[in-house]
Amino acid sequence: MKALFSDGTVAETNEELKVVRHTCSHILAQAVKRLYPETKLAIGPAIDKGFYYDFDREGGFTPEDLEALEAEMKKIIKENIKLETFTKPRAEAIEFMRELGEPYKVELIEDLPEDSVISFYRQGDFTDLCAGPHILYTKGVKAFKLTSLAGAYWRGNEKNKMLTRIYGTAFLSKDELAEYLTMLEEAKKRDHRKLGRELGIFTMMDEGPGFPFFLPNGMVLKNTLIDYWRQIHTREGYVEISTPIMLNRHLWETSGHWDHYKENMYTTVIDDTDFAVKPMNCPGGMLVYKYEPRSYRDLPMRMGELGLVHRHEKSGQLHGLMRVRCFTQDDAHIFMTQEQIPSEIKGVISIIDEVYKLFGFKYHVELSTRPENSMGSDEDWEIATKGLKSALDDLGLPYVVNEGDGAFYGPKIDFHLEDSIGRTWQCGTIQLDFQLPQRFEAEYTGEDGEKHRPIMIHRVVFGSIERFIGILIEHFAGKFPAWLAPVQVKVLPVSEKSHDYASRVYEELKASGLRCEIDRRDEKIGYKIREAQLMKIPYMIIVGENESANGTISVRSRDRGDLGSAKTADFITEIKEEIEKKA
RNA sequence: GCCGGUAUAGCUCAGUUGGUAGAGCAGCUCAUUCGUAAUGAGCAGGUCGCAGGUUCGAGUCCCGUUACCGGCUCCA
């Protein structure tokens with residue numbers, strides 16, 4: 001799998017590593033067949049960070065089985081078995097796998113063309129359907145580890161049987177494997193669910209699965225992001241609206257959500273009428289557009305909305321702030337003429353790029369095309385898809401195409417951010433929509449005095465403020481830059497003797513608009529510093545009798561340690577500059 | 001939703017083959033008035049996720065259920 005990034009880099013795929021991992025998956029399958037011969041084999045490819053193999057075995061496997069399998073795999077590697085390839089015509093290959101009692105392999109071969117020649121790999125007592133390539137001897141696998149167990153549907157389809165997937169990884173040397181395992185441990189430490197609780201940002205309660213509670217520090221973060229969002233959107237000519245959280249069934253029937261999205265919507269009845277809690281903001285935005293007659297002079301009309309949407313996501317897929325059941329989209333709908341499509345799309349891409357760069361994120365772009373369950377004419381889909389493509393091409397932005405992955409009302413460009421463990425999260429999206437304006441019969445009066453239908457863009461930059469905060473927590477490991485930090489400065493008096501002076505400093509900092517706290521507890525200074533440090537507060541102001549006597553403060557930076565003494569006013573000027581620059 | 005796992009104090013975790021719950025940190029009180037990542041002592045804190053069952057007796061065993069964790073599928 002290749003990932004193209006915004007900065008033009010391509011995630012390198014190390015071919016040698018891939019081959020070793022693939023061979024390692026065969027060694028795993030061989031070990032499974034030796035220890036648990038009744039197991040049926042599915043597939044076992046090399047993946048981004050390792051490999052997996054799917055098995056069908058009554059009762060699956062346990063973590064203890066993994067240990068036994070690792071031991072058996074080591075044995076196989078030590079035996080240094082030669083891997084040999086051979087081929088068979090399709091019919092014979094099917095018969096061969098049938099004799100070996102591998103129904104999944106038979107199914108795989110049956111899907112190949114009639115005249116194909118099927119290749120196999122044999123290593124001692126084990127043979128697998130495989131296109132290769134592989135390393136020559138099992139001893140070539142120098143360092144591997146089985147990492148986890150998981151369920152996985154046969155061929156990735158939830159209608160099929162759930163198999164047991166064993167994940168593992170392999171590297172070219174023991175050192176590289178150890179380095180990778182350490183990296184996983186480090187990633188765990190910055191898990192946003194752990195840091196979210198420790199830093200008082202958010203929490204989840206049993207009473208509302210998937211509905212996050214924002215704590216005081218989290219609200220500061222959220223509001224700061226929103227302030228920034230408003231600032232750049234105002235600059236870019238957006239207006240802001242807010243539409244109701246619940247609207248009646250008629251609206252959702254008009255928009256198509258009642259037919260296409262019902263299983264994800266929360267519904268209720270008010271005065272005998274069906275209502276749905278909005279899963280998207282667009283129908284509400286549409287109503288605002290239609291509220292008064294529009295002229296071509298009003299277009300493009302960029303209408304933003306920080307909309308709280310609710311979606312009934314399946315329980316098993318909730319994940320901290322990354323996947324929730326209610327979230328705030330930094331939405332905007334742009335109404336425009338067909339001629340304005342390219343420039344508007346470019347405008348949105350440029351905002352997204354600006355925002356992601358500010359946080360130092362790497363991202364890659366995907367273009368998703370028409371899905372099966374879609375609305376609208378072939379022609380509209382073609383124009384819309386072409387519009388998105390040409391904008392990306394004009395900007396020279398690299399992208400991959402996901403055929404059939406678009407929204408039911410139009411194609412989309414997705415922006416995927418990479419997190420600390422290398423997972424990617426869909427954040428920004430730009431979706432072009434001809435359907436909604438038609439369904440709602442939206443119009444504008446053209447220069448010619450005739451009624452015309454506007455085209456609509458749906459777009460988000462953060463995607464979901466909640467998810468974006470989750471990603472930020474992991475990205476910064478909780479060490480937010482000063483402009484985002486919930487508490488920017490903490491004043492730490494050395495002892496009670498300096499409380500008065502410390503309080504004056506604290507008041508001065510507060511009056512200057514900084515987010516600050518003071519720690520007046522009867523604890524040693526080392527203890528207070530340790531705690532402020534653990535809360536990842538960017539600046540600590542230490543004041544004792546020396547400072548009190550000289551009218552100064554001692555500044556300690558979270559990242560750079562003791563910075564020595566300064567005048568309060570000078571410190572304020574400096575930190576404000578840092579905040580202003582969003583450094 | 002599906003497969004597998006977990007659930008003990010605010011947090012991190014002990015709890016032997018079933019015999020009525022324990023530590024560290026946090027909290028509170030007192031002492032201490034301290035100089036750049038943990039001062040000391042004392043106190044308090046739990047119907048062991050919830051609901052059934054087995055048993056003389058269940059945190060421990062069984063069934064159900066809820067939430068969470070790792071994945072699958074789906075997605076902002």
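Chain letters run A, B, ... following the sequence lines, proteins first and then strands; every chain starts at 1.
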Checklist line | Spacing of A:E198 atom CD relative to B:rG10 atom P, expressed in whole Å | finding: 17 Å
Next item on the list: Name the pairing partner of B:rC48, where a pair is Watson-Crick or G-U wobble with both distances under 3.5 Å, or state none.
Entry: none
Check: Quick one: which of B:rU12, B:rC75, B:rU39 gets closest to the side chain of A:R197?
Finding: B:rU12
Check: Mind checking the C1' distance from B:rG27 to B:rA9? Whole angstroms is fine.
Finding: 11 Å
Next item on the list: Could you tell me the separation between the CG atom of A:D65 and the P atom of B:rG5, rounded to a whole number of Å?
Entry: 11 Å
Notebook entry, point to check: Which word best sums up how the rings of A:Y180 and A:F171 line up, parallel for under 30°, tilted for 30 to 60°, or perpendicular for over 60°?
Noted result: tilted
Margin query: Among B:rC72, B:rA76, B:rG70, which nucleotide has an atom closest to any side-chain atom of A:H319?
Written below: B:rG70
Note to self: In this structure, how many angstroms lie between the P atom of B:rA76 and the CG atom of A:L417, rounded?
What the structure shows: 14 Å
Note to self: Ignoring hydrogens, what is the shortest heavy-atom contact between A:N281 and A:T243? Give both atom names and the distance.
What the structure shows: O-OG1, 4.4 Å
Next item on the list: Give one of base, sugar-phosphate or nothing for A:E547, where a contact means two heavy atoms less than 4.0 Å apart.
Entry: base
Next item on the list: Can you tell me the distance, in whole Å, between the CE atom of A:M204 and the P atom of B:rC68?
Entry: 8 Å
Next item on the list: Under 4.0 Å between any heavy atoms, over every strand shown, what does A:V324 touch: base, sugar-phosphate, or nothing? Just pick one.
Entry: base
Note to self: For the C1' atoms, the ones on B:rC28 and on B:rG10, what distance do you get once it is rounded to whole angstrom?
What the structure shows: 14 Å
Next item on the list: Classify the angle between the aromatic ring planes of A:F480 and A:F476 as parallel (below 30°), tilted (30 to 60°) or perpendicular (above 60°).
Entry: perpendicular
Next item on the list: Would you check if the side chain of A:R370 reaches a backbone N or O of A:W381 as a donor-acceptor pair within less than 3.5 Å?
Entry: no
Item checked: Complementary nucleotide for B:rG4 - Watson-Crick or wobble, under 3.5 Å -> B:rC69
Checklist line | B:rC34 OP1/OP2 closer than 4.0 Å to side-chain N/O of A:R521 | finding: no
Item checked: Sugar-phosphate only, base, or nothing, as touched by A:D206 at under 4.0 Å among non-hydrogen atoms -> sugar-phosphate
Notebook entry, point to check: Considering only side-chain heavy atoms of A:P209, which listed nucleotide, B:rC68, B:rA76, B:rC11, is closest?
Noted result: B:rC68
Next item on the list: Classify the side-chain pair A:Y36/A:D65 by whether it contains a donor and acceptor separated by less than 3.5 Å.
Entry: yes
Note to self: Rounded to whole Å, how long is the line connecting atom CD1 of A:I541 with atom P of B:rG35?
What the structure shows: 19 Å
Next item on the list: May I ask you to say what A:S315 touches in the nucleic acid, namely base, sugar-phosphate or nothing, with a heavy-atom cut-off under 4.0 Å?
Entry: base
Check: Going by the angle between their ring planes, with limits at 30° and 60°, are A:H192 and A:H319 parallel, tilted or perpendicular?
Finding: tilted
Checklist line | Residue-phosphate contact under 4.0 Å: A:K161 side-chain N/O, B:rC2 OP1/OP2 | finding: no
Next item on the list: Look at the side-chain N and O atoms of A:K497 and state whether any lies under 4.0 Å from the OP1 or OP2 oxygen of B:rC34.
Entry: yes
Item checked: Parallel, tilted or perpendicular: ring planes of A:H416 versus A:H364, cut at 30 and 60 degrees -> parallel
Note to self: Can you tell me whether the side chain of A:R325 and the base of B:rC75 have a donor-acceptor pair closer than 3.5 Å?
What the structure shows: no
Notebook entry, point to check: Looking at B:rA76, B:rC34, B:rA37, which one has an atom nearest to any side-chain atom of A:R467?
Noted result: B:rA76
Note to self: Can you check the distance between B:rG59 and B:rU6, where both ends of the measurement are the C1' atom (answer in whole Å)?
What the structure shows: 15 Å
Notebook entry, point to check: For the base of B:rC74, is there a side-chain donor-acceptor partner from A:R323 under 3.5 Å away?
Noted result: yes
Note to self: I'd like the P distance from B:rC13 over to B:rG1, given in whole Å.
What the structure shows: 27 Å
Margin query: Could you identify the nucleotide paired to B:rC28, looking across every strand shown and requiring Watson-Crick or G-U wobble geometry with both distances under 3.5 Å?
Written below: B:rG42
Note to self: Whether A:R21 engages the ring of A:F51 as a cation-pi pair (distance to the six-membered ring centre under 6.0 angstrom, angle to the ring normal within 45°) should be assessed.
What the structure shows: no
Notebook entry, point to check: Which part of the nucleic acid does A:E523 contact within heavy-atom distance under 4.0 Å: base, sugar-phosphate only, or nothing?
Noted result: base
Next item on the list: May I ask you to say what A:N546 touches in the nucleic acid, namely base, sugar-phosphate or nothing, with a heavy-atom cut-off under 4.0 Å?
Entry: base
Item checked: Closest to the A:Q533 side chain, choosing from B:rG71, B:rG35, B:rA37 -> B:rA37
Margin query: Under 3.5 Å for both donor-acceptor distances, Watson-Crick or wobble: does B:rG59 have a partner, and if so which one?
Written below: none
Margin query: Both A:L163 and A:R530 contact RNA chain B. Which one's nearest nucleotide lies toward the 5' end?
Written below: A:L163
Check: When you compare B:rA37 with B:rG49, how far apart are their C1' atoms, in angstrom units rounded to a whole number?
Finding: 36 Å
Margin query: Taking only side-chain N and O atoms of A:Y261, does any of them lie within less than 4.0 angstrom of OP1 or OP2 on B:rC75?
Written below: no
Notebook entry, point to check: Looking across every strand, which nucleic acid part, if any, lies under 4.0 Å from A:G544 by heavy atom: base, sugar-phosphate, or nothing?
Noted result: base
Note to self: Under 4.0 Å, counting only non-hydrogen atoms across every strand here, what does A:I542 touch: a base, just sugar-phosphate, or nothing?
What the structure shows: base
Check: What does B:rU54 pair with, Watson-Crick or G-U, if both distances are under 3.5 Å?
Finding: none
Item checked: Touch class at under 4.0 angstrom, heavy-atom based, for A:G316 against every strand present -> base
Check: Given the C1' atoms of B:rC2 and B:rC11, what is the spacing between them in whole Å?
Finding: 32 Å
Check: Do the ring planes of A:H233 and A:Y238 sit parallel (below 30°), tilted (30 to 60°) or perpendicular (above 60°)?
Finding: perpendicular
Next item on the list: Using the aromatic ring of A:Y527 (for Trp, its six-membered ring), decide whether it stacks on the base of B:rA37 within the limits of 5.5 Å and 30°.
Entry: no
Note to self: Over all strands shown, is A:G463 touching base, sugar-phosphate only, or nothing at heavy-atom distances under 4.0 angstrom?
What the structure shows: sugar-phosphate
Next item on the list: For the side chain of A:T429, starting at C-beta, report the closest nucleotide among B:rC34, B:rG27, B:rA76.
Entry: B:rA76
Margin query: Suppose we define a pair by two distances each less than 3.5 Å, Watson-Crick or G-U wobble; what does B:rG22 pair with here?
Written below: B:rC13
Checklist line | Which nucleotide in B:rC3, B:rU33, B:rA76 has an atom nearest any side-chain atom of A:E496 | finding: B:rU33
Next item on the list: For A:A150, report the nucleic acid contact type (base, sugar-phosphate, nothing); a contact means any heavy atom under 4.0 Å.
Entry: base
Check: Between A:E313 and A:Y153, which is nearer to the 5' end of RNA chain B once each is assigned its nearest nucleotide?
Finding: A:Y153
Check: Roughly, in whole Å, what's the span from CZ in A:R311 to C1' in B:rU73?
Finding: 17 Å
Notebook entry, point to check: How long is the line joining CZ of A:R193 and P of B:rC11, in whole Å?
Noted result: 16 Å
Checklist line | Spacing of the P atoms in B:rG22 and B:rU47 (rounded, Å) | finding: 15 Å
Check: When we call it a touch if two heavy atoms are under 4.0 Å apart, what does A:F468 touch: a base, just sugar-phosphate, or nothing?
Finding: nothing
Notebook entry, point to check: Applying a 3.5 Å limit to both distances, which nucleotide forms a Watson-Crick or G-U wobble pair with B:rU33?
Noted result: none
Margin query: At 4.0 Å (heavy atoms only), tell me whether A:L492 reaches a base, stays on the sugar-phosphate, or touches nothing.
Written below: nothing
Check: Mind checking who B:rA76 pairs with, Watson-Crick or G-U wobble, both distances under 3.5 Å?
Finding: none
Next item on the list: Mind calculating the distance between NZ (A:K159) and C1' (B:rC72) to the nearest angstrom?
Entry: 14 Å
Note to self: By the 4.0 Å heavy-atom rule, please label A:Q426 as base, sugar-phosphate, or nothing.
What the structure shows: sugar-phosphate
Notebook entry, point to check: If you measure from the P atom in B:rA76 to the same atom in B:rC62, how many Å do you get, rounded?
Noted result: 42 Å
Notebook entry, point to check: Is it true that a side-chain atom of A:R190 and a backbone atom of A:H475 form a donor plus acceptor pair closer than 3.5 Å?
Noted result: yes
